Amino acid sequence: MNQMNKWMAIGFLLLGATANAGPRNNFGVYIDTQSNIVFGSPAGAYNSPDSTQQIGCSIISNRQPDGSWLVSIRCHARNAAGYQASCELYNPPAPLLQVVSAMNDTSLISFRWDAQTGECTALHAYGESTQAPKLASSQTASANAALPAASHPAVSANKAND
């Protein structure tokens, strides 16, 4: 087979191939107070069948009376049962600020906290093609039925006081 025919054959095969986007995970919010760890995705919380789940982190900057700036990171999560967890870290190192800045709707967010101080002790943001996107509210119900349930470790939590 000459070079031209070979490329034409490959082109026809590619044209006839079915596109497959791969697996999709719609991670809801999971809180484990035994290990003091949280994980979930903003899009998964948004796409969940309930209106309770939330997860995210923010960078907060406040000017102090002396003119200096106090910077902090705050992460918060609430699962479908209404259990909440949060942590905060004042004057975080630059790499943690970069992690929070890189988060988006499809990031799988994980954070760990010190139960005595409430300080964040670990913060991760994972981004990959398996994360389901945030859907318009009219698409959410049908998407939840179509997406496979992700497997997660057993979760135990204490109900937060509102």
Side-chain angles (χ1 to χ4, degrees), residues 21-65 68-162:
R24 291 279 189 255
N25 294 311
N26 203 30
F27 288 106
V29 177
Y30 295 87
I31 301 172
D32 182 344
T33 59
Q34 300 300 313
S35 301
N36 295 344
I37 193 164
V38 168
F39 61 93
S41 79
Y46 181 87
N47 294 338
S48 69
D50 60 80
S51 60
T52 306
Q53 295 183 54
Q54 298 177 349
I55 190 166
C57 297
S58 42
I59 299 171
I60 303 157
S61 299
N62 291 305
R63 189 174 183 123
Q64 302 302 298
S68 66
W69 286 89
L70 177 63
V71 177
S72 65
I73 290 174
R74 184 168 195 284
C75 295
H76 176 264
R78 182 170 53 207
N79 68 10
Y83 296 112
Q84 298 186 63
S86 63
C87 68
E88 194 159 9
L89 184 62
Y90 292 97
N91 296 317
L96 286 182
L97 293 170
Q98 292 171 346
V99 169
V100 174
S101 295
M103 291 178 180
N104 61 45
D105 286 351
T106 60
S107 295
L108 178 58
I109 299 169
S110 172
F111 65 88
R112 185 175 291 230
W113 71 95
D114 181 304
Q116 292 186 354
T117 66
E119 185 174 83
C120 301
T121 58
L123 179 57
H124 306 275
Y126 307 94
E128 57 184 45
S129 63
T130 60
Q131 302 306 315
K134 185 175 173 182
L135 302 172
S137 57
S138 62
Q139 297 173 307
T140 303
S142 61
N144 280 322
L147 289 171
S151 60
H152 299 287
V155 174
S156 63
N158 296 317
K159 183 106 178 179
N161 294 330
D162 288 322

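Note that this is a predicted model, so its numbers are computed, not measured. Because only heavy atoms are used, hydrogens play no part in the values below, and waters and symmetry mates are left out as well, while side chains stay in.
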At what distance, to the nearest 0.5 angstrom, does CZ of Phe39 lie from CD1 of Ile55? 9.0 Å
Can you tell me how far the CG atom of Asp114 sits from the CZ atom of Arg112, to the nearest 0.5 Å?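 Output value for this atom pair is 11.0 Å.
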Residues in side-chain contact (heavy atoms from CB on, under 4.5 Å) contact with His124, at least two apart in sequence or another chain: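 If we apply the side-chain contact (heavy atoms from CB on, under 4.5 Å) test to His124, skipping adjacent residues, the hits are Ser110, Ala122, Tyr126.
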Say whether, by atom type as modelled, one donor and one acceptor occur between the side chain of [X] and the main chain of [Y] under 3.5 angstrom.
X      : Y      : answer
Glu88  : Glu119 : no
Asn79  : Tyr83  : yes
Ser41  : Gly44  : yes
Gln64  : Asn62  : yes
Ser107 : Asn104 : yes

Over all heavy atoms of both residues, which pair between [X] and [Y] is shortest? Give the atoms and the distance, please.
X      : Y      : answer
Ile109 : Cys57  : CG2-SG, 4.2 Å
Val29  : Ala77  : CG1-CB, 3.8 Å
Ala45  : Ser48  : O-OG, 2.7 Å
Thr52  : Arg78  : O-NE, 2.9 Å
Ile31  : Trp113 : CG2-CH2, 4.3 Å
Met103 : Leu123 : CE-CD1, 3.7 Å

Keeping to residues at least two apart or across chains, list the disulfide bond (SG atoms under 2.5 Å apart) pairs with something in residues 96-125.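 For residues 96-125: Cys87-Cys120.
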Table please: side-chain donor-acceptor pairs of residues 89-98 below 3.5 Å, with sequence neighbours left out.
none

Report yes if some heavy atom in the side chain of Arg74 is under 4.5 Å from a heavy atom in the side chain of Ile60; otherwise report no. yes
Val71 versus Ile59: any side-chain heavy-atom pair under 4.5 Å? yes
Leu70 and Ser68: side-chain contact (heavy atoms from CB on, under 4.5 Å), yes or no, with the steps? CA-CA 7 Å; Leu70 177 63; Ser68 66; over 6 Å; no
